[in-house]
Amino acid sequence: MFENEKQALNQVVARFCEKRGLPAGKLERRKIPFSGEWGMAAPLFPLAAADPNKSGPVPAHAQFLAEALAAELQGLAGFARVEASKGYLNLYFSSSEYAQKALEDVLAAGSAYGSQPQSGGPVMVEYSNVNTHKPIHVGHLRNVILGGTICRMLEAAGHPVIRANYIGDIGLHVIKWLYNYERFHAGEKPAADIMRWMSDIYTEAERHFASDPAYEAEVRAYFNRWDAGDEEIRALWLKTRDWSMAGFEQTYQLLGEHFDRIYFESEVEDSGKLLVEDLIERGIAEDGRPENPVIVDLDKLLGTKEEYRVVVLLRSDGTSLYATKELPLAMLKFEEYPLEQSIYVVDVRQTLHFKQAKKILELMGFEPAQRMQHLAYEIVNLPGNVTMSSRDGTVVLLDDLLREASQRAQNIVAEKNAALSLEQQQEIAREVALGAIKYPMISRETTKVVTFDWESALDFNGQSAPYIQYAHVRANSILRKAGLGLEAADLPANFAYELNSSEINLIELLTELPDLIVRAAKELKPSLIATYAYDLAKAFNDFYNTCPVLGAEEPQRGARLALVAAARIVLEKSLRILGIDAPQEM
RNA sequence: GUUCCCGUGGCCUAAUGGAUAAGGCACUGGCCUCCGAAGCCAGUCAUGUGGGUUCGACUCCCACCGGGGACACCA
């Protein structure tokens, strides 16, 4: 925006610096923190501090330089006003021109507004990572929503994205489930709600296993049969794994997520064991079998002290572990795709595990290891800092939460939009409920624990997805009443009048999305988009309450209609990145 | 013991090292003959402690306090 003007500005600044013997470093530019006028600000403190001719304290000298520079910049094209204040140089744009340009950008781009052109190699994002034969609960939700949002942010920032899901399809938990099924549910088929049906069997299995030593022994024996390659058990395993995956698919569809590549744990077990043999031969791993496990003593190899610790790669009986499979999986990803980056969205408790895995790969000379990145997010707890666990039964199932939230949303929709069909009401209620559930998972920083409680999860007021959706609905409603389509790309945005501060704030926010997308993708911070969407909705509501649109005279009416259309586009766009639907009515 | 993360009004959260620390919940009072009140307006209240770096620190560094996590055969 205003590239010519900025260049002219840079030239004047460069001359100014040269004349005074100041370092030529470009002047930093930032937003003016006061609302109501547009422009950019430049703090002159760094220049003042570096000035060899400085006399007196830095702030005073910064103000002196700002005034001198302001004098040189008077009358520069594209700027309505230049002022020096408290050591800052403030440059104000001429409002109508700026507004016009900003709205043209949004309306011309439409739903592509803010997205960058595609560039670079693909990025793989591994997320979800659930275990078969267990339920997906609210504790898993943050991962899925976070991962999905990261993918959409990266795509908007121009990166091709491959969505990967690493499924835990083997292990004792699976054996427990299979045995319990054979013993008490043989021949049964999954109920319509697959997840709940499988979850119930799993809970039952855990109960028997924990309370009955004889039962536990039977499960262990069953595990041995599995290990020996028992055909019958293998077949049952594959069949029930499919059921489980079908259940997951229902949930992913509900959440609007999909995956391009599913990796199964069972898929990398054998290659993991082979890799360990290689590591032993190369002297990286130490083989202590049969008394002791196969380990990599990273601290010993690296000369570090209690930093990388010891990794166990195989049990003393030769069976594989979590770490065994991580290594071949990491390599497989780079074999299958020319990845520019390989991101793991996995909770913070596995930080050491990923640090170790990456280091072992580096020791092996696996160059792409440096392109692996672990996004460690904090978990979702229940009040009282209770961690959700399907084993302990301290879980909130997504279905239960969604059903309750949808019901509550539907009551409100029915009250406000009685004319809509029941199906429409239900569809809207689902979108609102899902948004309300998703938003708290991404609106705070990934390093902060989310505490789930029913009351705030079902609250559709305040800083929440429904608030943002509502602003979108109102914008849509105005456009509909004006007889306009949603995109309204050919609206003449003529801002030849004195804009008020609510209009200015709103337009200013619209212009921020493109840069924000780039930054959010770079820093892997969905919370930036989430708070932005809320700020935008708030600014729109302020505008809505302050400025009449349909009843206004020209040129306000046309300009404000264009502004409503642009705001609607950007609200919908930011919601879409967050994976939240923007209903037309609610 | 080693190490990582968190600490901002009563509660929850925001703030690329930059000007007056921004919102939400809760509480109190007000606003629907006016584009949708899931909304808007008004009011009280905050950077754990002590040092340091810097022209300038919620932000960076050190120490401490408080909370949580990770650290050899779970994943």
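First the proteins, then the strands, lettered A, B, ... as listed; each starts at 1. Keep in mind that what you see is a predicted model, and the values were worked out from it rather than measured.
Atom CD of A:E553 sits in a sparse spot, with 12 or fewer heavy atoms from other residues, nucleotides or ligands closer than 6.0 Å.
Comparing A:N131 and A:V432, the nucleotide of RNA chain B nearest to each residue sits closer to the 5' end for A:V432. Between A:K525 and A:A537, the residue anchored nearer the 5' end of RNA chain B, judged by the nucleotide with its closest heavy atom, is A:K525.
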Can you check nucleotides 18-20 of chain B for protein contacts, nitrogen or oxygen pairs under 3.5 Å, and list what you find?
{"from": "B:rG18", "atom 1": "OP2", "to": "A:R30", "atom 2": "NH2", "distance (Å)": "3.0"}
{"from": "B:rG18", "atom 1": "O2'", "to": "A:Y88", "atom 2": "OH", "distance (Å)": "2.9"}
{"from": "B:rA19", "atom 1": "N6", "to": "A:N90", "atom 2": "OD1", "distance (Å)": "3.0"}
{"from": "B:rA19", "atom 1": "N1", "to": "A:N90", "atom 2": "OD1", "distance (Å)": "3.3"}
{"from": "B:rA19", "atom 1": "N1", "to": "A:N90", "atom 2": "ND2", "distance (Å)": "3.2"}

Could you write out each protein N or O paired with an N or O of nucleotides 3-7 of chain B at a distance under 3.5 Å?
{"from": "B:rC5", "atom 1": "O2'", "to": "A:T447", "atom 2": "O", "distance (Å)": "3.3"}
{"from": "B:rG7", "atom 1": "OP1", "to": "A:K448", "atom 2": "NZ", "distance (Å)": "3.2"}

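A salt bridge does not link A:E291 to A:R289: none of the charged side-chain nitrogens sits closer than 4.0 Å to a carboxylate oxygen. One finds a salt bridge joining A:K325 and A:E265 here, because a Lys/Arg side-chain nitrogen approaches an Asp/Glu carboxylate oxygen to under 4.0 Å. Salt bridge annotation for A:E378-A:R444: absent, with no cationic side-chain nitrogen under 4.0 angstrom from a carboxylate oxygen.
Base contact: A:N417 has a heavy atom under 4.0 Å from a base atom. Contacts of A:V413 with the nucleic acid, taken as non-hydrogen atoms under 4.0 Å apart, include base atoms. Contact annotation for A:P59: backbone-only contact, meaning every heavy-atom pair under 4.0 Å involves sugar-phosphate atoms and none involves a base. Heavy atoms of A:Y467 sit under 4.0 angstrom from primed sugar atoms or phosphate atoms, though from no base atom.
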